[in-house]
Amino acid sequence: MSDLTKIPVTIVTGFLGAGKTTLISHLIRQSCGRRLAVIVNEFGTLGVDGDILKGCAIPDCPAENIVELANGCICCTVADDFIPTVETLLALDPRPDHILIETSGLALPKPLLKAFDWPAIRSRITVDGVIALADAEAVAAGRFAPDLAALDAQRAADPSIDHETPLSEVFEDQLACADMVLLTKCDLAGAEGIAAARAVIAAETPRALPVLELIDGVVDPRIVLGIGAAAEDDIAARPSHHDGEDEHEHDDFDSIVLDFGEIAAPDDLAARIETLGGGGEVLRVKGYAAVAGKPMRLLVQAVGARVRTHYDRPWRSDEPRATRLVVIAERDRLDPAAIRAALQG
């Protein structure tokens with residue numbers, strides 16, 4: 001860094017369910033004496049990831065150093081949310097040595113980089129690096145990386161068809177802005193899947209990037225923290241589909257929060273979510289469930305048809321035992337009544 005007084009900031013980006021929270025949880029636990037602070041940006045009003053991370057709090061990253069900004073993209077609410085939050089973290093005593101920002105899975109990282117040029121903070125913090133997480137199994141399946149030659153052929157045959165989807169644009173923009181790519185869930189992808197995912201990432205990135213393979217978010221912090229990229233100074237080298245636009249839209253996606261009472265069987269809820277996600281309409285389901293007769297809260301995390309649940313902590317005496325799930329889908333594919341019926345029966 002050219003200015004050693006600046007606090008380094010690492011931006012962690014990646015598509016829905018790629019493992020950003022798992023990675024940051026690992027970095028918190030392996031801080032090696034480095035004082036950390038975390039900003040979590042959720043899409044939707046139910047803050048799941050921030051609560052998970054606060055459960056990982058340690059002396060070098062206490063709960064008060066973990067700040068959640070829900071229901072809005074921080075790059076769109078710079079003056080109202082992002083700048084005041086950064087200033088609050090910079091005023092902590094002791095001051096953090098490093099700040100981690102977990103973006104929403106739907107966020108474009110480049111507009112956030114531009115926020116670091118704001119006069120109120122640009123002399124005090126620097127973007128140490130942008131880390132993009134990619135789900136190896138999903139990328140290998142070609143969900144966010146269409147065959148460009150085939151698309152060109154289809155466009156030539158019917159120029160009126162738009163084959164570019166919002167999901168692929170988000171994925172490509174995240175890769176194009178990155179200093180490093182972490183290929184996650186490699187245990188699910190297998191050797192062939194990892195090789196296919198690496199080929200896709202190499203084809204989509206505008207410059208050569210290091211690609212690391214991860215399982216369960218485990219990586220040496222020395223590899224991802226301390227890159228010294230000063231990414232805010234080379235924004236032009238990080239192309240985006242949205243370059244030249246004054247603003248970017250988030251109405252390609254929508255979310256709802258479902259509230260209901262206790263459930264009888266976690267397996268039944270997981271099966272219902274799996275069926276819902278298998279239809280391709282719902283991208284993400286996450287939240288908590290109250291299971292009848294169980295003192296622990298059930299954490300629910302789903303990406304498409306892949307569902308994971310585990311009991312994360314006891315219910316507190318000051319909170320209602322209830323089930324709350326946030327469901328995220330592409331715009332015009334979110335039918336609240338149908339989703340509620342599918343999950344509640």
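The structure displayed is predicted, hence computed values, not measured ones.
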Answer whether the closest heavy-atom distance between the side chains of [X] and [Y] falls below 4.5 Å.
| X | Y | result |
| --- | --- | --- |
| Tyr288 | Val300 | no |
| Cys177 | Leu113 | yes |
| Leu112 | Val130 | no |
| Arg297 | Arg316 | no |
| Leu90 | Ile125 | yes |

How many angstroms lie between atom [atom1] of [X] and atom [atom2] of [Y], to the nearest 0.5 angstrom?
| X | Y | atom1 | atom2 | result |
| --- | --- | --- | --- | --- |
| Thr323 | Leu269 | OG1 | CG | 7.5 Å |
| Ile101 | Ile39 | CD1 | CD1 | 4.5 Å |
| Leu175 | Glu204 | CG | CD | 7.0 Å |
| Phe116 | Ile121 | CZ | CD1 | 6.0 Å |
| Ile263 | Arg272 | CD1 | CZ | 10.0 Å |
| Leu209 | Ile201 | CG | CD1 | 9.0 Å |

Closest heavy-atom contact between [X] and [Y]?
| X | Y | answer |
| --- | --- | --- |
| Leu27 | Leu36 | O-CD1, 3.7 Å |
| Ala231 | Arg238 | CB-NH2, 3.3 Å |
| Asp312 | Met296 | C-CE, 4.1 Å |
| Ala264 | Val291 | O-CG1, 4.2 Å |
| Leu92 | Pro96 | CB-CD, 4.2 Å |
| Leu225 | His98 | CD2-NE2, 3.7 Å |

For residues 211-220, tabulate all N or O donor-acceptor pairs below 3.5 Å that involve a side-chain atom, not counting sequence neighbours.
unit_1	atom_1	unit_2	atom_2	d
Glu213	OE2	Arg198	NE	3.1
Glu213	OE2	Arg198	NH2	3.2
Asp220	OD1	Arg222	N	2.9
Asp220	OD1	Arg222	NE	3.1
Asp220	OD2	Arg222	NE	3.1
Asp220	OD2	Arg222	NH2	2.6

Co-membership, hydrophobic cluster, residues Trp315 and Leu325, 4.5 Å side-chain
no
If you group Ile, Leu, Val, Met, Phe, Trp and Tyr by side-chain heavy-atom gaps below 4.5 Å, do Val285 and Tyr311 land in one group?
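Result: yes, single cluster for both.
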Got a list of side-chain donor-acceptor pairs under 3.5 Å for residues 180-193, not counting sequence neighbours?
unit_1	atom_1	unit_2	atom_2	d
Thr184	OG1	Ala18	O	2.6
Thr184	OG1	Ala134	O	3.3
Lys185	NZ	Gly17	O	2.4

Check: [Y] main-chain N/O paired with [X] side-chain donor or acceptor under 3.5 Å:
| X | Y | value |
| --- | --- | --- |
| Asp234 | Ala237 | no |
| Arg207 | Ala176 | yes |
| Lys110 | Asp173 | no |

Applying side chain to side chain donor-acceptor pair (under 3.5 Å), can you list everything that pairs with Glu262, at least two apart in sequence or on another chain?
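Checked Glu262 against side chain to side chain donor-acceptor pair (under 3.5 Å); matches are Arg321.
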Name all residues meeting the side chain to side chain donor-acceptor pair (under 3.5 Å) criterion together with Asp259; count only those two or more places apart in sequence or in a different chain, and write none if there are none.
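For Asp259, the residues satisfying side chain to side chain donor-acceptor pair (under 3.5 Å) (neighbours in sequence not counted) are Arg324.
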Identify, with sequence neighbours excluded, every residue that meets salt bridge (charged side-chain N to carboxylate O under 4.0 Å, His left out) alongside Asp97.
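Here the qualifying residues are Arg35.
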What pairs with Glu232 under salt bridge (charged side-chain N to carboxylate O under 4.0 Å, His left out), at least two apart in sequence or on another chain?
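With sequence neighbours excluded, Glu232 shows a salt bridge (charged side-chain N to carboxylate O under 4.0 Å, His left out) to no residue whatsoever.
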Can we say Lys6 and Asp128 salt-bridge, meaning some charged N sits less than 4.0 Å from an Asp/Glu carboxylate O?
no
